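A short write-up of the structure that comes next.
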There are 2 protein chains.
Amino acid sequence: MKRKITLKQIAKELDVSISTVSKALRNSAEISEDTKQKVQAFAKLYNYRPNNIALSLKNRKTNTIGIIIPEIVHHFFSKVIQGVETVANKRGYNVIIGLSNESFSKEVINMEMLANGSIDGFILSISKETLLMQDYHHFNETMSQGMPIVMFDRVANEIQCDKVIVDDFKSAKKAVTKLIENGCKSIAIITTKDYINVGRLRTQGYLEALENNKMPLTSSLILKIDDSLDMEHNLAALENEIEQLFKDNKTIDGVFAVNELYALSAMKVARKLNIKIPEDLQVIGFTDGVLSKHSTPSLTTVSQHGKLMGEKAAELLIDKLEDQTETEEETFSTVVIETELVERETTI
Amino acid sequence: MKRKITLKQIAKELDVSISTVSKALRNSAEISEDTKQKVQAFAKLYNYRPNNIALSLKNRKTNTIGIIIPEIVHHFFSKVIQGVETVANKRGYNVIIGLSNESFSKEVINMEMLANGSIDGFILSISKETLLMQDYHHFNETMSQGMPIVMFDRVANEIQCDKVIVDDFKSAKKAVTKLIENGCKSIAIITTKDYINVGRLRTQGYLEALENNKMPLTSSLILKIDDSLDMEHNLAALENEIEQLFKDNKTIDGVFAVNELYALSAMKVARKLNIKIPEDLQVIGFTDGVLSKHSTPSLTTVSQHGKLMGEKAAELLIDKLEDQTETEEETFSTVVIETELVERETTI
DNA sequence: TTTTAACACGAAAACGTTTTCGGTGGTTTG
DNA sequence: CAAACCACCGAAAACGTTTTCGTGTTAAAA
């Protein structure tokens with residue numbers, strides 16, 4: 001087992017100084033052609049690669065991006081990571097991940113862990129618990145230490161930083177309007193509690209769409225799910241709630257769900273109640289994942305373009321990291337990614 | 001913007017030496033109670049945290065695990081990452097990810113990138129292209145430099161390292177046997193080309209199950225898909241092939257598919273051809289993902305326990321990293337994770 | 001009073017780089 | 001022949017730690 005070779009060892013072998021080796025390898029004009037050749041040949045032979053850690057320490061720059069997400073087994077977040085990874089690699093950065101599991105404390109711990117020199121900046125989506133508690137001190141602290149943050153999707157308006165979001169309000173409005181245009185007269189929404197801001201915004205979009213089209217707002221048609229617990233493991237409860245919704249409102253002919261799972265559950269319940277999709281009931285979901293594409297019937301959804309969000313977030317972060325200008329007034333931008341209504345089989 | 005505080009700054013402020021500060025913070029007996037109190041209070045006030053990079057350089061240990069996977073937008077791999085992350089964090093390690101996108105060169109580049117000091121060891125699943133080319137020099141090189149590797153799922157038998165796999169052969173056999181017990185007389189398999197070893201093994205399991213039950217082996221019932229291209233974006237081609245299979249073999253009453261997507265495509269084609277599931281056709285897939293759970297009818301699958309694989313892989317790697325004993329003969333273990341046949345609605 | 005030991009602390013090396021600043025020795029110039 | 005110059009190379013500092021070893025001070029023992 002041969003350890004990785006260092007400058008020092010090369011210097012010793014060739015009987016020159018460490019500085020000479022370093023310069024020779026970087027093709028400095030200070031070094032004669034002869035020595036350069038000699039050193040470079042030797043380095044190539046022993047497959048020399050500079051040690052990243054030493055470089056990081058010297059340069060006070062790790063060329064690594066930290067990404068903190070609530071969970072990874074989730075199509076949207078996977079897509080975002082994919083996007084981040086793509087541009088990060090292209091621009092010479094690595095990606096290190098931390099999972100908060102929707103927990104405030106894990107989010108804090110993970111950030112502290114990475115902030116101590118391991119990374120140059122963060123890309124993150126806020127955990128549910130943090131949103132609920134509205135405790136954002138850790139974000140401010142990291143930023144005050146000169147470590148930039150880019151938030152995506154689940155952001156906090158109170159925090160001044162770069163953000164990448166979709167226009168949840170407009171997108172929801174567009175989706176519901178689509179249902180109205182398709183002839184739906186009684187449209188229900190299955191959404192989250194209001195502390196999840198994306199859920200709240202989507203609900204508002206729903207309301208505005210109804211209002212703009214002079215349709216009545218019926219509070220019993222608004223089902224707010226408490227998903228503080230992991231719904232993946234609580235499907236039965238979810239389906240019961242939805243079934244009750246359908247039974248209480250027999251006229252429902254359209255459903256807008258703020259995520260894939262809610263939409264699929266609605267479809268499942270509808271099937272159970274012998275409601276035909278899309279003839280008797282049209283459904284639109286949010287977040288374009290694998291489920292929508294492969295469900296039967298395949299689900300019409302508002303696609304968020306997760307990969308694009310990741311790419312954009314990475315661009316923003318790296319731009320900031322590599323921006324040399326020492327301006328006093330820091331400026332932050334919020335990029336809005338356009339959503340797309342992907343029409344499949346659950347709408348006419 | 002205040003930079004992170006260092007030992008040197010604390011030392012300067014308190015008018016003691018750097019060594020004293022370091023020792024005081026680590027509660028060394030060399031330092032008087034007075035100075036300890038003073039230093040610790042000051043450090044707490046300024047929220048001192050040791051710089052990870054400096055520690056890594058000093059200790060020649062990064063406490064970071066590198067994980068290289070072919071793609072991340074994939075339920076199984078996400079699960080594995082989740083597993084790795086869980087035990088890594090528990091044992092004080094970070095996780096850094098690299099995506100090969102099923103490409104040999106990206107796999108090599110990514111590994112070289114990380115191997116230069118950024119991480120202590122690898123957990124990886126081999127890319128399709130690498131498997132096809134059978135060029136494993138980069139694995140041997142990294143290991144010869146003292147960096148341990150743990151492979152999972154898609155492994156190379158030629159390489160001596162720790163491995164975490166499922167018994168693809170046995171699992172496939174079990175699944176097909178199940179179909180036979182359920183009364184299927186003509187069972188087709190939808191699998192990959194043989195260079196993907198997991199595909200090959202599953203095919204062998206299929207064959208053995210038939211043989212053991214004295215059932216005829218019909219070559220036309222074996223459909224080997226060339227998925228060198230990304231099938232997610234080539235669904236139509238896949239479905240055509242499957243449709244042809246059904247049309248050529250009208251007697252088919254059972255399908256074993258080596259992954260979720262193949263299984264779902266088979267179900268889709270069956271629906272198109274008005275074949276009832278599970279009455280006329282029973283289907284079993286491999287890899288327990290979200291699709292299986294939420295499809296209609298929900299798919300009976302062989303679950304691989306991705307998270308468990310990740311956990312096990314991380315345990316193996318960290319154990320090796322922290323094993324102090326300087327044994328000459330290195331020993332490698334291969335852990336086989338038991339699969340589980342999750343029976344849902346596509347089987348009787 | 002002198003020797004010894006305990007105590008408290010600091011200097012310096014090491015991890016692997018890059019870079020600045022000074023040297024050599026030789027050659028050209030006035 | 002001295003001065004200036006150039007081409008080439010090395011010493012050392014710096015990044016932020018930890019740790020070994022040495023040293024000075026003080027109190028206890030001889």
Side-chain angles (χ1 to χ4, degrees), chain A residues 2-40 42-43 46-64 113 115-120 145-147, chain B residues 2-40 42-43 46-64 113 115-120 145-147:
Chain A
K2 43 170 195 202
R3 276 224 152 281
K4 293 223 66 158
I5 196 169
T6 69
L7 286 186
K8 193 194 273 195
Q9 295 171 44
I10 300 183
K12 196 171 181 183
E13 289 295 324
L14 297 183
D15 210 44
V16 290
S17 78
I18 297 181
S19 350
T20 304
V21 178
S22 176
K23 289 173 194 164
L25 290 178
R26 329 194 89 239
N27 245 317
S28 159
E30 283 186 56
I31 308 296
S32 70
E33 278 306 321
D34 275 11
T35 0
K36 274 197 226 174
Q37 298 257 334
K38 199 173 55 175
V39 172
Q40 286 174 4
F42 191 89
Y46 282 89
N47 198 28
Y48 169 80
R49 295 274 181 283
N51 180 305
N52 284 330
I53 295 292
L55 285 180
S56 297
L57 184 59
K58 176 109 188 62
N59 302 331
R60 282 138 141 226
K61 176 130 174 39
T62 61
N63 273 273
T64 303
M113 185 111 185
N116 296 323
S118 300
I119 62 163
D120 295 335
Q145 287 171 355
M147 179 157 308
Chain B
K2 46 174 192 201
R3 275 224 154 277
K4 293 223 66 159
I5 196 168
T6 70
L7 287 186
K8 192 194 273 195
Q9 294 170 44
I10 301 184
K12 196 172 181 183
E13 290 294 325
L14 297 183
D15 211 42
V16 291
S17 77
I18 297 181
S19 349
T20 304
V21 178
S22 176
K23 288 173 193 164
L25 290 177
R26 329 194 89 239
N27 245 316
S28 159
E30 280 187 60
I31 307 297
S32 71
E33 278 306 320
D34 275 9
T35 356
K36 274 196 226 173
Q37 298 257 334
K38 200 173 56 176
V39 172
Q40 287 173 5
F42 192 90
Y46 282 90
N47 198 28
Y48 170 79
R49 295 275 181 283
N51 181 305
N52 284 330
I53 295 291
L55 285 180
S56 297
L57 183 59
K58 176 110 189 60
N59 302 331
R60 280 138 140 222
K61 175 130 175 41
T62 61
N63 274 273
T64 303
M113 186 112 186
N116 296 322
S118 301
I119 62 161
D120 295 334
Q145 288 171 354
M147 179 156 308

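Protein chains get the first letters and strands the later ones, always in sequence-line order, with residue 1 at the start of each. On a predicted model such as this, the values are computed, not experimentally measured, just so you know.
Contact check for A/R3 versus B/Q145: no side-chain heavy atoms found under the 4.5 Å cut-off. Taking the side chain as every heavy atom from C-beta outward, B/K61 and B/D120 approach each other to under 4.5 Å. Looking only at side-chain heavy atoms (C-beta outward), B/N47 and B/I5 stay at 4.5 Å or farther from each other.
Side-chain N/O atoms of A/K4 and base N/O atoms of C/dG16 include no donor-acceptor pair closer than 3.5 Å. Donor-acceptor pairing under 3.5 Å, judged by distance alone, is absent between the side chain of A/S17 and the base of D/dA11.
We find that CZ of B/R3 is positioned 13 Å from C1' of D/dG16, with the value rounded to whole Å. Atom P of nucleotide D/dC9 and atom CZ of A/R26 are separated by 18 Å, given to the nearest angstrom. A straight line from CG of A/N63 to C1' of D/dC15 spans 16 Å, rounded to a whole angstrom. Taking atom NZ of residue B/K23 and atom P of nucleotide C/dA12, one finds them 14 Å apart after rounding to whole Å. The nearest whole Å value for the distance from the CD1 atom in B/I18 to the P atom in C/dA11 is 9 Å. Straight-line distance from the CD atom of B/E33 to the C1' atom of C/dC9: 15 Å, rounded to whole Å. Put simply, CG on A/N52 is 11 Å from C1' on C/dT17, counting in whole angstrom units. To the nearest angstrom, C1' of C/dT19 lies 12 Å from CD1 of A/I31.
A/T35 comes within 4.0 angstrom of the backbone, heavy atoms only, and of no base. Note on A/L55: only backbone sugar-phosphate atoms sit closer than 4.0 angstrom, heavy atoms only; bases stay farther off. Using a 4.0 Å heavy-atom cutoff across all strands shown, B/K8 reaches sugar-phosphate atoms only and no base atom. At the heavy-atom level, A/T6 lies under 4.0 Å from the strands shown only through sugar-phosphate atoms. The residue A/S19 sits close to a base: some heavy atom pair falls under 4.0 Å.
At least one side-chain nitrogen or oxygen of B/Y48 sits closer than 4.0 Å to the OP1 or OP2 atom of D/dT17. Not one side-chain nitrogen or oxygen of A/R60 sits closer than 4.0 Å to the OP1 or OP2 atom of D/dA14. Contact between the side-chain N/O atoms of A/S22 and the OP1/OP2 oxygens of C/dT18 is found at a separation under 4.0 Å.
Toward the 5' end of DNA chain C, the nearer of the two residues B/V21 and B/A54, judged by each one's closest nucleotide, is B/V21. Nearest-nucleotide assignment on DNA chain D puts the 5′-proximal partner with B/N51, out of B/N51 and B/E30.
The side chain of A/L57 lies closest to D/dC15 when the candidates are C/dG10, D/dC15, D/dC9. With C/dA14, C/dC9, C/dT17 as the candidates, the nucleotide lying closest to the side chain of B/K58 is C/dA14. Comparing C/dA8, D/dG16, C/dT17 by their closest approach to the side chain of B/S32 singles out C/dA8.
In this structure, A/I31 and A/A24 approach most closely via the heavy-atom pair CG1-N, 4.0 Å. Nearest approach of A/L7 to A/V21, heavy atoms of both residues: CD2-CG1, 3.6 Å.
A/N116 and B/K4 share a side-chain donor-acceptor pair at under 3.5 Å.
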